[in-house]
Amino acid sequence: MEVGTDATSPLQGGSSSKEKQRFKAFVLGGPGSGKGTQCAKIVETYGLTHLSAGDLLRNEISSNSENGSMILELIKVGKIVPSEVTVKLIQNAINSTNNHKFLIDGFPRTEENRLAYERIIGEDPNLVLFFDCPEEVMMDRILHRNEGRVDDNDETVKTRLKVFKELSLPVIHHYSEKGILHTINAVGTEDEIFKKVRAVFSAYEPMLR
Ligand SMILES: Nc1ncnc2c1ncn2[C@@H]1O[C@H](COP(=O)(O)OP(=O)(O)OP(=O)(O)O)[C@@H](O)[C@H]1O
Ligand SMILES: O=c1ccn([C@@H]2O[C@H](COP(=O)(O)O)[C@@H](O)[C@H]2O)c(=O)[nH]1
Ligand SMILES: [Mg+2]
């Protein structure tokens, strides 16, 4: 899926001051492209805190929070939850850990999400990973996931794929234009894909200590 050009070299960083600089990577890709699977491997190797926007929203449903039923109705049909709700959950999660390095998985989903994040939290990510995966592979992976997700059914997956193409690809294009996008071909075994992920992260190692 052609969305633009990729980053050629990482931003320089490091922790010369006493306070470690915050490091954030956004992890984007269509439904079932393998974001969560690769995030688990990144966490294990580099010690980042994994914040999956979808998991944060599902936690709101299972804890019967004020917004829980509204979130459930949107997730069931594959639609996007209002930006302020998701950004606040991400902000609270960031503020509730001492770690300085984060993986934000499955967010921002739309240009409106991105702008809300910039308005409320305000720091651009250091890098953006995009798992580029053919639709038929994503569909097959989701329909075999067997985790009992309310949105892992044929009809909702079709909507999620449509939402991804129409609303999420422009976000990916934005980060390509900014020169911080790293596109990874998400077809192959988990280990083959992680090898490519490591090649990206190794260039940022000074910031990940
Ligand atoms: N490289 C791979 N090869 C085969 N199956 C994979 C691969 N990576 C992940 N999977 C499987 O595909 C399914 C979807 O993967 P995962 O949950 O990581 O995707 P995701 O991008 O987080 O999806 P979603 O956006 O729906 O949360 C899971 O069952 C996972 O075990
Ligand atoms: O920023 C976000 C992230 C997710 N959603 C909703 O949750 C589901 C599932 O997300 P996964 O990342 O696949 O776990 C997604 O289809 C949306 O309905 C959201 O609204 N905003
Ligand atoms: Mg996921």
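Ligands are counted one by one from 1 in listed order, and the atoms in each one are counted from 1 as well.
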S.K.: With atoms numbered from 1 as shown, which atoms in ligand 2 lie under 4.0 angstrom from a non-hydrogen atom of Thr86?
M.R.: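 Per the distance check, 1 (O).
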S.K.: Taking the six-membered ring for Trp and the single ring otherwise, decide whether the centroids of Tyr117 and Phe26 are under 6.0 Å apart.
M.R.: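 Under 6.0 Å, so yes.
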S.K.: In this structure, which one of Ile75, Val150, Asn67 forms a side chain to side chain contact (heavy atoms under 4.5 Å, CB included) with Ile61?
M.R.: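 Exactly one candidate clears the test, Ile75.
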S.K.: Any salt bridge linking Lys41 with Asp191? Criterion: basic side-chain nitrogen under 4.0 Å from a carboxylate oxygen.
M.R.: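 Looking at Lys41 and Asp191, the cut-off is met.
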S.K.: Taking only heavy atoms of Gly106, which atoms of ligand 2 are found under 4.0 Å from at least one of them?
M.R.: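 Listed by number with element: 1 (O), 2 (C), 3 (C).
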S.K.: Tell me, which protein residue and heavy-atom name are nearest atom 20 (O) of ligand 2, and how many Å apart are they?
M.R.: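 Answer for atom 20 (O) of ligand 2: Val81 N, 2.7 Å.
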S.K.: At a 4.0 Å cut-off, with the gap strictly under it, does some heavy atom of Arg149 reach an atom of ligand 1?
M.R.: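 Under 4.0 Å: yes for Arg149.
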S.K.: I'd like to know if the side chain of Ser176 and the backbone of Ile172 have a donor-acceptor N/O pair within less than 3.5 Å.
M.R.: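 Not at all, since once roles are kept as given, no pair shorter than 3.5 Å links the two residues.
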S.K.: Hey, looking at atom 25 (O) of ligand 1, which of Arg109, Lys35, Met138, Arg145 has the closest heavy atom?
M.R.: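 Nearest option to atom 25 (O) of ligand 1, by heavy atoms: Lys35.
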S.K.: Gly188: heavy atom below 4.0 Å from ligand 1, yes or no?
M.R.: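 A heavy atom of Gly188 does come that close to ligand 1.
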S.K.: If you have a sec, work out which protein heavy atom is nearest atom 1 (O) of ligand 2 and how many Å separate them, to one decimal?
M.R.: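 So the nearest neighbour among protein heavy atoms is Phe107 CD1, 3.3 Å.
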S.K.: Compute the minimum heavy-atom distance from Gly54 to ligand 1 and say whether it is under 4.0 Å.
M.R.: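 Heavy atoms of Gly54 never come under 4.0 Å of ligand 1.
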S.K.: Under 4.0 Å, heavy atoms only, figure out whether ligand 2 is touched by the backbone of Ile75, its side chain, both or neither.
M.R.: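 It is both backbone and side chain that touch ligand 2.
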S.K.: With a cut-off of 4.0 Å, which atoms of ligand 1 are near a heavy atom of Gly36?
M.R.: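 It comes down to these atoms of ligand 1: 18 (O), 20 (P), 22 (O).
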S.K.: What atoms of ligand 2 come within less than 4.0 Å of a heavy atom belonging to Arg58?
M.R.: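 Atoms satisfying the 4.0 Å criterion: 9 (C), 14 (O).
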S.K.: Counting non-hydrogen protein atoms only, what is the nearest one to atom 19 (O) of ligand 1? Give residue, atom name and distance.
M.R.: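 Ranking protein heavy atoms by distance from atom 19 (O) of ligand 1, first comes Gly34 N, 3.3 Å.
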S.K.: Compute the minimum heavy-atom distance from Lys35 to ligand 2 and say whether it is under 4.0 Å.
M.R.: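 False for this residue.
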S.K.: Evaluate side-chain hydrogen bond (donor to acceptor under 3.5 Å, both in side chains) for Ser83 paired with Asn113, printing each intermediate quantity in order.
M.R.: CA-CA 5 Å; Ser83 298; Asn113 272 180; 2.9 Å; yes
S.K.: Heavy atom to atom 13 (C) of ligand 1, shortest distance: which of His144, Arg141, Lys41, Glu190 holds it?
M.R.: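 Minimum heavy-atom distance to atom 13 (C) of ligand 1 goes to Arg141.
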S.K.: Between Ile142 and ligand 1, is there a nitrogen or oxygen pair with a distance under 3.5 Å?
M.R.: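 The answer is no, given that Ile142 and ligand 1 share no N or O pair closer than 3.5 Å.
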S.K.: Going by heavy-atom distance to atom 15 (C) of ligand 2, choose the closest among Arg149, Arg109, Lys79.
M.R.: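 Among Arg149, Arg109, Lys79, the closest heavy atom to atom 15 (C) of ligand 2 belongs to Arg109.
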S.K.: Of the options Leu28, Ile104, Thr183, which is the one that meets Val128 in a side chain to side chain contact (heavy atoms under 4.5 Å, CB included)?
M.R.: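 It is Leu28; the other options fail the test.
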S.K.: Should you measure from each heavy atom of Arg160, which atoms of ligand 2 turn up under 4.0 Å away?
M.R.: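 Selected atoms, number and element: 13 (O), 16 (O).
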S.K.: Answer yes or no: is there a donor N or O on one side and an acceptor on the other, between the side chain of Lys79 and the main chain of Val163, under 3.5 Å?
M.R.: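 Such a contact is absent between Lys79 side chain and Val163 backbone.
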S.K.: Can you find a pair of side-chain heavy atoms, one from Leu167 and one from Arg109, that are under 4.5 Å apart?
M.R.: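 Heavy-atom side-chain distance check fails, nothing below 4.5 Å.
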S.K.: When you measure from atom 9 (C) of ligand 1 to every protein heavy atom, which one gives the shortest distance, and what is it?
M.R.: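 Closest protein heavy atom to atom 9 (C) of ligand 1: Thr37 OG1, 3.3 Å.
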S.K.: Do you reckon Leu57 sits in the same ILVMFWY cluster as Phe107, going by side-chain contacts under 4.5 Å, direct or chained?
M.R.: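 As far as the 4.5 Å side-chain criterion goes, Phe107 and Leu57 are connected within one cluster.
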S.K.: Do the side chains of Lys196 and Glu192 get close enough for a salt bridge, i.e. N-O under 4.0 angstrom?
M.R.: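 No, Lys196 and Glu192 are not salt-bridged.
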S.K.: For the backbone of Lys101 and the side chain of Lys24, can you confirm whether one donor and one acceptor N or O come within less than 3.5 Å of each other?
M.R.: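 Side chain of Lys24 to backbone of Lys101, a donor-acceptor pair under 3.5 Å: no, none is there.
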S.K.: Does Arg114 pair with Glu111 as a salt bridge, N-O distance under 4.0 Å?
M.R.: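 Salt bridge flag = yes for Glu111 with Arg114.
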S.K.: Is the backbone N or O of Thr156 less than 3.5 Å from a side-chain atom of Asp151, with the two atoms forming a donor-acceptor pair by type?
M.R.: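 Judged by distance alone, no pair lies under 3.5 Å.
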S.K.: Show me which atoms of ligand 1 lie under 4.0 Å from any heavy atom of Ile193.
M.R.: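 Contacts of ligand 1 toward Ile193, numbered from 1: 1 (N).
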S.K.: May I ask you to test the Thr45-Phe194 pair for a side-chain heavy-atom distance under 4.5 Å?
M.R.: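 With C-beta onward as the side chain, the pair touches.
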S.K.: Is it the case that ligand 2 has an N or O less than 3.5 angstrom from some N or O of Leu57?
M.R.: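 Min N/O separation from ligand 2 is not below 3.5 Å for Leu57.
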S.K.: Is there a heavy atom of Gly32 sitting under 4.0 angstrom from any atom of ligand 1?
M.R.: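 Checking ligand 1 against Gly32, which is what was asked, there is a heavy-atom contact under 4.0 Å.
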S.K.: Can you tell me if Arg160 contacts ligand 1 (heavy atom of the residue under 4.0 Å from the ligand)?
M.R.: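 A heavy atom of Arg160 does come that close to ligand 1.
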S.K.: May I ask you to identify, for Asp151, whether its side chain, its backbone, both or neither come under 4.0 Å of ligand 2 on a heavy-atom basis?
M.R.: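 It is the side chain that gets close, since no backbone atom is under 4.0 Å.
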